[in-house]
Amino acid sequence: MANRAIYPGSFDPVTLGHLDIIKRSSELFDEVFVAVLHNVAKKPMFSMGHRMRMIKDLCASCLNVHVIAFDGLLVDAAGEVGANIIVKGVRNLTDYQQEVEMANINRLLSGIETIFLPARAEYTHISSRIVKELARYGGPLGEYVPKQVEAELQKVMRKEKET
Ligand code: PNS
């Protein structure tokens with residue numbers, strides 16, 4: 001059976017940690033669907049289209065990686081693309097605790113198993129939240145996001161300052 005994985009997140013914006021999980025997943029599974037959460041309640045810094053485009057551009061060389069939008073239940077999005085595995089990156093114990101809970105709910109809802117990939121040591125401190133905070137205060141971003149994403153963050157910051 002072909003293994004199709006779905007890797008969900010807000011990706012606001014995508015970080016080097018996310019991209020590492022996507023690349024490793026693309027080597028483990030036949031197809032990988034990066035599922036970008038459409039959650040207006042979260043007031044994202046980047047629009048859905050912008051978040052998806054950044055991931056698509058950065059993953060263009062991984063031919064088995066696809067980027068989709070979703071809202072509602074993750075297991076419904078998994079069903080729509082025929083994914084039989086959920087992938088999650090785990091950085092620390094806090095992530096693990098939250099992810100085990102979600103993995104159990106998702107398995108009860110659908111039977112789909114979640115596979116955890118440990119974040120590389122050099123990426124355990126990276127989060128989209130920290131990246132946005134650094135960007136707001138002009139901190140260095142080079143170790144957290146690719147150059148293209150850094151440029152997009154700086155554009156948004158310039159716009160915010162103008163308004
Ligand atoms: O990048 P994030 O914001 O930490 O990702 C969270 C995400 C998208 C993985 C999580 O919010 C999610 O799976 N949302 C879908 C809603 C759902 O399926 N809930 C039931 C499982 S607990």
Side-chain angles (χ1 to χ4, degrees), residues 3-26 28-29 31-59 62 64-136 141 143-146 148-150 152-153 156:
N3 280 318
R4 297 185 135 205
I6 188 163
Y7 175 45
S10 299
F11 304 108
D12 184 40
V14 69
T15 66
L16 290 176
H18 294 133
L19 290 164
D20 181 57
I21 299 290
I22 297 171
K23 185 162 190 302
R24 286 159 63 198
S25 300
S26 79
L28 285 169
F29 308 112
E31 304 286 333
V32 178
F33 293 85
V34 181
V36 183
L37 178 68
H38 181 75
N39 183 352
V40 275
K42 271 197 169 181
K43 283 211 175 165
M45 174 178 276
F46 294 97
S47 71
M48 172 57 90
H50 205 158
R51 283 180 277 155
M52 290 178 76
R53 204 163 51 246
M54 285 191 273
I55 303 170
K56 274 184 193 162
D57 290 348
L58 290 159
C59 298
C62 289
N64 63 342
V65 173
H66 318 278
V67 184
I68 59 167
F70 86 106
D71 58 12
L73 289 179
L74 172 62
V75 293
D76 291 339
E80 277 165 29
V81 295
N84 58 328
I85 292 164
I86 295 167
V87 171
K88 292 289 184 80
V90 176
R91 292 165 297 188
N92 49 41
L93 276 179
T94 310
D95 274 359
Y96 180 77
Q97 257 168 351
Q98 286 172 359
E99 294 301 343
V100 165
E101 199 172 273
M102 282 198 265
N104 282 328
I105 293 171
N106 286 327
R107 194 180 52 252
L108 285 170
L109 286 171
S110 65
I112 299 178
E113 289 286 1
T114 297
I115 291 184
F116 295 151
L117 294 183
R120 278 185 206 283
E122 62 267 40
Y123 296 147
T124 49
H125 59 297
I126 303 182
S127 70
S128 299
R129 185 182 60 79
I130 294 285
V131 164
K132 283 181 280 196
E133 195 161 309
L134 280 172
R136 276 206 176 95
L141 295 168
E143 284 180 28
Y144 303 86
V145 292
Q148 298 92 317
V149 175
E150 187 175 352
E152 296 301 319
L153 278 159
V156 174

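We count ligands from 1, going down the list as the structure has it; atoms in each ligand are counted the same way. Only a predicted model underlies this, so the values are computations on that prediction, with no experimental measurement involved.
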Between S10 and ligand 1, does any nitrogen or oxygen pair lie at a separation below 3.5 Å?
yes

Is a salt bridge present between R129 and D12, judged by a nitrogen-to-oxygen distance below 4.0 Å?
no

In this structure, are over 12 heavy atoms from other groups packed under 6.0 Å from K132 atom NZ?
yes

Please check if the number of heavy atoms outside L93 that lie under 6.0 Å from its CG is greater than 12.
no

At what distance is the nearest protein heavy atom to atom 21 (C) of ligand 1, and which residue and atom is it?
N106 OD1, 3.3 Å

Backbone of S47 reached by a side-chain donor or acceptor of H50 within 3.5 Å:
no

Is there a nitrogen or oxygen of F11 sitting under 3.5 Å from a nitrogen or oxygen of ligand 1?
no

Protein contact for atom 6 (C) of ligand 1 (heavy atom, distance under 4.0 Å)
no

Where do Y7 and F33 land on the side-chain contact (heavy atoms from CB on, under 4.5 Å) test, with the steps shown first?
CA-CA 6 Å; Y7 175 45; F33 293 85; over 6 Å; no

What residue and heavy atom of the protein are closest to atom 22 (S) of ligand 1, and at what distance?
M102 CG, 3.4 Å

Show your working on salt bridge (Lys or Arg N to Asp or Glu O under 4.0 Å) between D57 and R53 and close with a plain yes or no.
CA-CA 6 Å; D57 290 348; R53 204 163 51 246; 5.4 Å; no

Counting only N and O atoms by type, is there a donor-acceptor contact under 3.5 Å from the side chain of R4 to the main-chain atoms of V81?
yes

shortest atom 19 (N) of ligand 1-to-protein heavy-atom contact is with L73 CD2, 3.9 Å

Would a 4.0 Å cut-off, counted as strictly less than, catch a protein heavy atom around atom 15 (C) of ligand 1?
yes

Could you tell me the residue and atom name of the protein heavy atom closest to atom 4 (O) of ligand 1, and the distance to it rounded to 0.1 Å?
K42 NZ, 4.5 Å

Looking at atom 12 (C) of ligand 1, tell me if a protein heavy atom falls under 4.0 Å from it.
no

Close approach of E101 to ligand 1, heavy atoms, under 4.0 angstrom:
no

Heavy-atom nearest neighbour in the protein, as seen from atom 18 (O) of ligand 1, with distance rounded to 0.1 Å:
L74 N, 2.8 Å

Against ligand 1, does G72 come closer than 4.0 Å with any heavy atom?
yes

Side chain R51, main chain L37, donor-acceptor under 3.5 Å
yes

